[in-house]
Amino acid sequence: MSDPQKPTLLVVDGHSLAFRAFYALPVDSFQTRDGQHTNAIHGFLSMLLLLLQNEKPTHLAVAFDKSRQSFRTREYEEYKGNRGETPVEFKGQVPILQEALQAMGITVLEKDDFEADDILATLATRGEAAGYRVLVVSGDRDTIQLVNDDITLLYPNTQGVSQLKRYDPAAVVERYGVRPEQYPEIAALVGETSDNLPGITKVGEKTAVKWLGLYGSLEGILEHIDEIKGVVGDNLRRERENAVRNRKLNRLVRDVELPVELDELEAKPIDLDAVTPIFTRLEFRTLLERVTKLVNGNGNGGAAGKPAASVAAVPAEDAPKAPTSARIAGTDLAIWLDAAVVAEPAGLGLQFELLDGKVVGAGVATKSESVELALVPGAPEFEAFEAWLASDAPKVLTDAKPQLKAAARSGLTVANVVVDPLVAGWLIRPNLQEKSLVDLVDRYLGETVPQGDPSQLVALEDESASTADLAWYSLRLAPVVLAAMSEGTRRVLAEIEMPLVPVLAAMELRGVAVDHDRLAGLSSELGGRAADLAESAFVEIGREVNLGSPKQLQEVLFDQLGMPKTRSTKTGYSTDANALADLQESNPHPFLGLLLEHRDATKLRQIVDSLDKAIGSDGRIHTTYGQVGAATGRMSSNDPNLQNIPIRTEDGRRIREAFRHGAEYTELLTADYSQIEMRIMAHLSEDPGLIEAFNAGEDLHRFVGARVFGVDEADVSPLMRTKVKAMSYGLAYGLSAFGLSKQLRIDRAEATQLMKDYFERFGAVRVYLRSVVEQAKIDGYTETIFGRRRPFPDLNSPNRVLRENAERAALNSPIQGSAADLIKLAMTSTERAIAEAGLRSRMLMQVHDELVFEVAEGEADELEAIVRDKMSHAVDLLVPLDVQVGRGASWDDAAH
DNA sequence: AAAAGAACGTA
DNA sequence: CGTACGTTCTTTTC
């Protein structure tokens, strides 16, 4: 594998990328006032900016073909002779593109008689020799021959620069079945249509690879040309000169004389004064913004977001150097580990090296020493390492969850990770989090991990951060982040977040069984329904439009049907479900209902299809939980998101029927907290009415309704119940009378009155909510019951919109956050209790206030008892915690 | 081709 | 003029 810590040289085939851009973007939409086409320029620069951000090259050049003529056309007149005339709209853009690149300080190279790929080959070869890691961006397959351990080809796939296919030697072998340096021989035999180079008739990739396997090289094949049987053998004997010629032509020249030295290609900060005029001339407004952002913002924090001085420790100049890591074998490692554990009672730094989700290596560090080991099961050092991992010896591991998963997949047990600096960093700054070890080191140690930092466009010597070095950085981060935390935050880290990490890792590995056949059936049913609805809708308006396009819908609704304008959005007028419902009320039209139904059907189908795609080879869906995602302390779920599976409609629930227990299990069990946020509000506000409501254990909304409307509980009508329910839930979000009136479709006066009556009876709630905001204005942050903090810098902003948004978020945060803390505690204790009871049943999913378990044969009752116990006693509040449990064959059946 | 916006699913 | 998320589809970019 290539070493990621070397300086990076990025070389780009300008024509190939510009050409892609030209055909990807509509020519007509991109021209300046005076008629200059700009689509290729715009697309190219847009892609290049993304490349710069993603790859963070330290050195950079873009090469172009100078003309169509080159030594290859002199050699073989027909070379590339089949290419049509270059469109004039494209031609004119190239010089301007080059001008723009030069303004950006990027070296542009072209050379008489050579093609761009020869320049790339030359730079790549020179870069490799000079110790660079080289990235070649080209759409020409000939550049495959350049690939080696230090040179990676980024080859445009069907879709975009963001999804460039990375060809390292292993990827080339996987795709083409030969090593990179052999690829041109394959191409020579097969021929290259796009270059007008015919190969051997009837010889394709498979035959060529087979021959190469037999005879080792093209030369070898030709030596044994008489041994090759069949028609293809005859073809080869007849057309061998084609192959010889092709091989000659597709060999890239690696020693083109160039007017620059490598170090002149160093990426310089972009000079806005040079870029602005040309971008302005091209009328590139948003691109200029992007460049400006790249220059100023540059990734994470930068100067603007530096921490208080107490946090940033060592200035970069006197940054300690990572200790030289040793490879210690056999019993020596056991001795080293024993000594290290004593030397660092707070824990050793750890870092795994992963490949394809498995552990292939690891680094372990103390403050002054580190070791690095390749993990080969059965090797002598493996045992000592494995024993230490599984022991209670404390470890510090940054971004632990994926590494714990890989460890588990590799059969390793990792116990007692006491600090994950990534999680710690999120607790300190839950909004703008540091996303990686590199970010954390920058912020909390004030040092730069060799490589990685996007704003550092400085070439580095071959000082590379090894796995052991990363372990060492983790170790040194731990005390610094701990010192930067309040005591309460430290407790949240130690008692809530760190114990949760292995629990989440286990849940993700388990996944949840999903029935493909049910999803497939549902998908086609919904698809059919959507098609029918669309057809009916088109009949209503007398034409076909894209019902998924808000823009086209606006035309239909406001122009064609002449309906009144709805809420305005940035780009026009809203066509969301709410707006359509309003229209239906004021201007009833069958189209509206059909449209809404169509939206439902397509949305559900889309969810069904994406779930179906996510089913793995084990028949299960493995989501990834984002432990450091939400600012409130909640988790998120992605790839796919299992926390937004429909439930409100009948069709939606049918999706949940596809979530089932696995074959080794008998059913699913779901357990959820009822009205958790209201209970937390009761606890925090100490409102006697609310506390009484929960202690009485009755229907909360009936209880509240009776008091708000001044009637007996028996006389609370469904409408009254709906109203107080909306009010209660809305409270925790900072709902206004206006919002309440809109949601309930009642007038403002009635909503205001409802709120007044509500607070008359439950006044402590209002007092509490106000006090949260006021205290937050003083402190600058809110805190959950457990001490989790969330800062609110906008609370004193002069900008009213910002300020009021911050106020609502602040008042919600302790409520949502405390609920998150609570269920996290419950998850950890439930997981532990299940293990201690020796059950095979297991926890699979978390949906904010709900946990889903897979029940093993004969364990249902015991599991339910454990879950009820642990969830309802996760913490002692002024009100009881009610846990609803259900069981069934599917997630839907298990709902109660 | 990439980014931004609209819409919508959950708690 | 209701908090917190993630995903997908369409439009814009000039």
Side-chain angles (χ1 to χ4, degrees), chain A residues 17 20-33 36-50 156 159-163 282-287 289-290 546-553 567 569-572 574-580 599-600 602-604 606-607 609-610 623 626 629-649 652 655 672-673 676-677 726 729-743 748 800-801 804-805 808-813 815-817 819-820 823 846-850:
Chain A
L17 222 57
R20 281 182 79 79
F22 177 74
Y23 284 112
L25 274 64
V27 192
D28 301 336
S29 316
F30 289 84
Q31 45 184 310
T32 59
R33 239 180 307 270
Q36 171 64 51
H37 296 289
T38 55
N39 63 330
I41 308 173
H42 189 280
F44 183 99
L45 293 177
S46 175
M47 288 187 275
L48 186 69
L49 287 177
L50 191 70
Q159 212 98 330
V161 159
S162 49
Q163 290 147 49
L282 295 169
E283 299 172 14
F284 290 168
R285 220 166 30 80
T286 56
L287 269 184
E289 274 171 36
R290 274 174 71 189
N546 182 348
L547 296 176
S549 160
K551 196 183 168 205
Q552 294 180 38
L553 287 178
R567 168 177 65 88
T569 64
K570 271 188 187 172
T571 52
S574 172
T575 64
D576 69 13
N578 231 329
L580 295 180
R599 282 237 181 103
D600 278 350
T602 48
K603 175 73 177 175
L604 285 181
Q606 163 212 351
I607 292 174
D609 289 348
S610 66
T623 189
T632 51
R634 270 193 181 179
M635 309 196 305
S636 64
S637 157
N638 59 45
D639 271 324
N641 185 353
L642 294 185
Q643 293 180 322
N644 71 342
I645 305 303
I647 191 171
R648 289 174 193 178
T649 63
I655 298 179
D672 62 61
Y673 285 114
I676 184 68
E677 298 198 345
Y729 279 119
L731 273 181
Y733 302 144
L735 187 67
S736 64
F738 177 85
L740 186 63
S741 75
K742 261 197 92 171
Q743 199 202 330
R748 284 280 286 281
R800 203 178 97 191
V801 176
E804 290 181 347
N805 284 343
R808 286 190 298 275
L811 116 159
N812 172 261
S813 240
I815 300 166
Q816 192 183 116
I823 195 166
Q846 190 253 40
V847 191
H848 306 307
D849 65 357
E850 174 187 14

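All chains are named by letter (A, B, ...) in the order of the sequence lines, taking the proteins before the strands, and each is independently numbered beginning at 1.
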For this session: Would you check if there is a donor-acceptor pair between the side chains of A/Gln643 and A/Ser637 at a distance under 3.5 Å?
Result: no
Problem set entry | Phosphate contact (C/dT13 OP1 or OP2) by A/Arg290 side-chain N/O below 4.0 Å | no
Problem set entry | Is_stacked (A/Phe30, C/dC14) at 5.5 Å, 30 deg | no
For this session: May I have the distance from A/Leu49 (atom CG) to B/dA3 (atom P), rounded to whole angstrom?
Result: 9 Å
Seminar exercise, completed: Closest to the side chain of A/Asn641, out of C/dC14, C/dT7, C/dA4, is C/dT7
Exercise. Step by step, would you call A/His37 with A/Phe30 a ring-ring contact (aromatic ring centres under 6.0 Å, His included)?
Worked result: CA-CA 6 Å; A/His37 296 289; A/Phe30 289 84; over 10 Å; no
Exercise. Which listed nucleotide (C/dT10, C/dC5, B/dG9) is nearest to the side chain of A/Ala631?
Worked result: C/dC5
Problem set entry | d(CG, A/Asn546; P, B/dA6) in whole Å | 17 Å
Exercise. Expressed in angstrom and rounded to an integer, what is the separation of A/Asn812 atom CG from C/dG2 atom P?
Worked result: 13 Å
Problem set entry | Under 4.0 angstrom between A/Thr575 side-chain N/O and B/dA7 OP1 or OP2 | yes
Exercise. Rounded to the Å, how far apart are A/Arg567 CZ and C/dG2 P?
Worked result: 12 Å
For this session: Determine: side-chain N/O of A/Ser637 to OP1/OP2 of C/dC5, distance under 4.0 Å, yes or no.
Result: no
For this session: Sort out for me which residue in A/Leu49, A/Ile41, A/Thr38 forms a side chain to side chain contact (heavy atoms under 4.5 Å, CB included) with A/Leu287.
Result: A/Leu49
For this session: Compare the minimum distances between each of C/dC14, B/dA11, C/dG2 and the side chain of A/Leu735, then state the nucleotide with the smallest one.
Result: C/dG2
Exercise. C/dT10 P sits how many Å from A/Leu553 CG, rounded?
Worked result: 11 Å
Problem set entry | Proximal nucleotide (of B/dT10, B/dG5, B/dA1) relative to the A/Leu25 side chain | B/dA1
Seminar exercise, completed: note: A/Arg20, atom CZ; B/dA1, atom C1'; distance rounded to Å ~ 9 Å
For this session: Give a yes/no answer on whether the side chain of A/Thr38 brings an N or O atom under 4.0 Å of OP1 or OP2 in C/dC14.
Result: no
For this session: Answer yes or no: does a side-chain N or O of A/Lys551 lie under 4.0 Å from OP1 or OP2 of C/dT12?
Result: yes
For this session: In whole angstrom, give the distance that lies between atom CD1 of A/Ile607 and atom C1' of B/dA7.
Result: 12 Å
Problem set entry | d(CD, A/Glu677; P, C/dA4) in whole Å | 12 Å
